[in-house]
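As a basis for the values below, the full set of heavy atoms in this structure was taken, side chains included, without hydrogen atoms, waters or symmetry mates. Predicted model only: the values in this text are computed from it and were never measured.
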Amino acid sequence: MFEHMILPPFLGAAGLAIALLIYLVMSRYDQGEPAVRKISDQIHLGAMVFMHREYKMLVLFSLFLVVAIFVSPLGVNTAIAFVVGALSSATAGYLGMFAATRANVRTAVAANEHGAPRALSIAFYGGSVMGLCVASLGLLGLGGLYYYFGGDPHTAHAIHGFGMGASTVALFSRVGGGIYTKSADVGADLVGKLEAGIPEDDPRNPGVIADNVGDNVGDIAGMGSDIFESYCGSMIACIAIASTMAIGEVAKASMMALPLLLASIGLIASVAGILFVRVRSAAAPEAALRSGTMLAPVIFVVFAWYLISAMDLDVKIWWAVLSGAVGGVAIGLITEYYTGGAPVRKIARSGETGPATVMITGLAVGMQSVVAPIFCLAAIIFISTELAGLYGVGIAAVGMLATVGITMAIDAYGPVADNAGGIAEMAGMGEDTRRITDGLDEVGNTTAAIGKGFAIGAAALAALAIIAAFVETVAVGRAGDFTLNISDPAVLVGMFIGGTIPFLIASITMTAVGDAAFEMINEIRRQFREIKGLLEGEAEPDTARCVDIATTAALKRMILPGAIAVAAPVLVGFGLGAQSLGGMLGGALLGCVLMALMMANAGGAWDNAKKFVEKGNLGGKGSETHSAAVVGDTVGDPFKDTSGPSMNILINVMAIVSLVIAPLL
């Protein structure tokens, strides 16, 4: 078995090679006239500047954690794993965003000169680089560590550092990117649309470049890191649980290796799905993307059956994998309904009586949207544990995340299409081009909503699996004398502490967006007031100033949430004990999942309600209904792109830090 474990890192390297090939193919397409390239270069430069400054701060924070791990009894291997995990996550985000900011202008030019099929292909190429980098770097980094020391049950605990490194980067990328994108978006929308009465991506708006940069740093780099840490966390949890199981050495080795081998199959299935979307690009965009999304999991579960059979493992494990794969699709489809179906039209109609009813209806939709996904998660947990015990939860999470290559590719396609629409508007490419890019963007909004629902479900399962691994690890260290009993006061205290943390982090991130948007709004108003001829189109706005405001605000305000997420498990674990830490993880898991679903779905529904009105329904653009819908969308922006997504990473960071320190408790 061990000699086959060179395959995951080998396939990871092959996946990166395919990503490079796709990038080179995409790079051959036309970038347009110099004026168009200038707009694209501004977006690319803004995104790269933000990433460089963010990563400098991340290096300092990570260095502190590496030193703490190194001098602790956890050892040098855990410190090495932390560094590899952080580098893998950061690299995936950087490469994906670099490709996306080069694909956007080519998508706009293709839409202008060749039509929708070619534009879809190029936008999807840009997203595919992100998807393949996430899947490939996960296999390369985690698979390489497993090959060297993670495959030994006695040293497997060191591999947990990989998850901690990946989660640390993910939290900062998601929170920092979310604050950036929404401060720019809210500022540009409120002043541009409501006050100045100009279109969303009008080049006269000083905040428009910062808004387009934000789509990349938030929805591509941030989302990529988010999915990356859940993807790797689920595999790490399976390895940790299997390493503590009282079974034969051969069976234990097989069960420890299985998640990496399943992820390897998932990468192959994702490549097949990406190729299938490319072949179907002449079809309707939604049909092409959906066909690839559905094909990859089917290929994966079929080959997973043969793999599990060949490894002589119980067939019940395959059923647990299947439950995760099916559950992930179900959660995505439920999210699609609440953010793109009848609830959206209901919110839009409520705008006829003003912004207050838009807010009430949107919040109600968000709260209702929690119920069905939670039932899906409960069903996955029940079925998988009945089939394969605690290991079943982890392997179900792997089943849900194994085809992350295609899932992330389709999710990253959305911001590329959105940026292409912005470039088309700023470059004055005409109504026909804008209709094509808007059509691609509309599909992108749906895929982004599905991706957010999928990310929440995956994060919940991955976190639950990591918590289960934490319990097993502490129990082994105490010779089996460790349980979490809800009647134990220490556990109850921990649950209440854990339940408050999601609310605290949501408050901090929402406040950060509000404060940053306040600065952005004042700057845009100042430019409209002081730059003569700006609104008449006779002068150029100072877009660099708005980019700098968003960057500075995001970097200043992302530190506190990250510090709380990392410090809370350490303080509770060593201060109140392992029982309280276990309770805290349970309370935080429930709070994070519920808040993430409510905020992401309410925000997505508000956004699409605004777009529904802008299509000419219920009075169309400029109407009172439109103004009310814009207010709802403005509140929904930090819900769906900042605070909501930060919940996914928050619980995974807390869980993986707890797992890392478990041997010391």
Side-chain angles (χ1 to χ4, degrees), residues 13-52 91-137 209 212-213 215-217 219-221 224 270-271 273-279 281-282 285 288-289 292 405-406 408-424 426-427 429 433 436-437 440-441 444:
L16 287 177
I18 295 172
L20 175 61
L21 179 63
I22 291 174
Y23 176 78
L24 293 175
V25 170
M26 182 269 293
S27 298
R28 292 169 54 196
Y29 289 98
D30 186 19
Q31 297 183 69
E33 300 296 325
V36 180
R37 290 201 298 272
K38 179 183 176 183
I39 297 169
S40 169
D41 288 343
Q42 285 179 306
I43 296 171
H44 177 77
L45 179 62
M48 291 299 112
V49 167
F50 175 80
M51 290 291 280
H52 291 154
T91 303
Y94 188 90
L95 293 177
M97 197 178 71
F98 189 94
T101 53
R102 292 305 189 194
N104 52 16
V105 65
R106 292 171 169 86
T107 302
V109 172
N112 186 49
E113 297 179 359
H114 301 283
R118 180 174 292 188
L120 170 66
S121 294
I122 296 172
F124 187 66
Y125 283 151
S128 298
V129 173
M130 177 80 255
L132 289 175
C133 283
V134 167
S136 301
L137 283 162
I209 293 295
N212 280 275
V213 170
D215 290 335
N216 294 288
V217 299
D219 292 337
I220 293 183
S270 294
V271 172
I274 288 169
L275 292 174
F276 192 72
V277 171
R278 174 65 186 88
V279 170
S281 62
L289 295 173
I406 182 72
M408 190 63 230
I410 290 175
D411 192 76
Y413 150 88
V416 175
D418 191 8
N419 263 203
I423 291 170
M426 286 183 274
M429 290 184 177
T433 301
I436 292 172
T437 58
L440 297 177
D441 183 30

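With respect to M130, the side-chain contact (heavy atoms from CB on, under 4.5 Å) criterion is satisfied by exactly one of L95, I220, V416: I220.
Taking all atoms of both residues into account, the shortest heavy-atom contact from G127 to A412 is CA-CB, 3.7 Å. In terms of heavy-atom proximity, A103 sits nearest to I122 at O-CG2, 3.8 Å. Between G15 and L132, the closest heavy-atom pair is O-CB, 4.2 Å. Taking every heavy atom of both residues into account, V36 and Q31 meet most closely at CG1-O, 4.0 Å. Heavy-atom minimum distance, G405 versus S270: N-OG, 3.4 Å. Heavy atoms only, all atoms of each residue included: A424 and A108 are closest at N-CB, 4.4 Å.
Within the structure, ring-ring contact (aromatic ring centres under 6.0 Å, His included) contacts touching residues 110-134 (residues at least two apart or in different chains) do not occur. Here ring-ring contact (aromatic ring centres under 6.0 Å, His included) pairs that include residues 24-46, with residues two or more places apart or in two chains, are H44-F98. Listed by first and then second residue, the salt bridge (Lys or Arg N to Asp or Glu O under 4.0 Å) pairs that reach into residues 98-107 are D41-R102, sequence neighbours excluded.
One finds the OG atom of S128 at 11.5 Å from the CG atom of L21 (value rounded to the nearest 0.5 Å). Note: N104 CG to D418 CG = 10.0 Å, rounded to the nearest 0.5 Å. In this structure, CD1 in I18 is found 7.0 Å from CD1 in I22, a value given to the nearest 0.5 Å. Atom CD1 of I423 sits about 10.0 Å away from atom CD of Q42, to the nearest 0.5 Å. The line from CD1 of I43 to OG1 of T101 is 9.0 Å long, rounded to the nearest 0.5 Å.
Residues forming a ring pair (Phe, Tyr, Trp, His ring centres under 6.0 Å) with Y23 (at least two apart in sequence, or on another chain): none. Judged as a ring pair (Phe, Tyr, Trp, His ring centres under 6.0 Å), and not counting sequence neighbours, the contacts of Y94 are H52. For the side-chain hydrogen bond (donor to acceptor under 3.5 Å, both in side chains) test, no residue two or more places apart in sequence or in another chain qualifies with S136.
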- Query: After noting the C-alpha distance and the side-chain angles of L137 and L16, does the key distance pass the side chain to side chain contact (heavy atoms under 4.5 Å, CB included) rule?
  - Reply: CA-CA 8 Å; L137 283 162; L16 287 177; 4.0 Å; yes
- Task: With side chain to side chain contact (heavy atoms under 4.5 Å, CB included) as the test, would you mind laying out the steps for C133 and T91 before giving the verdict?
- Result: CA-CA 8 Å; C133 283; T91 303; over 6 Å; no
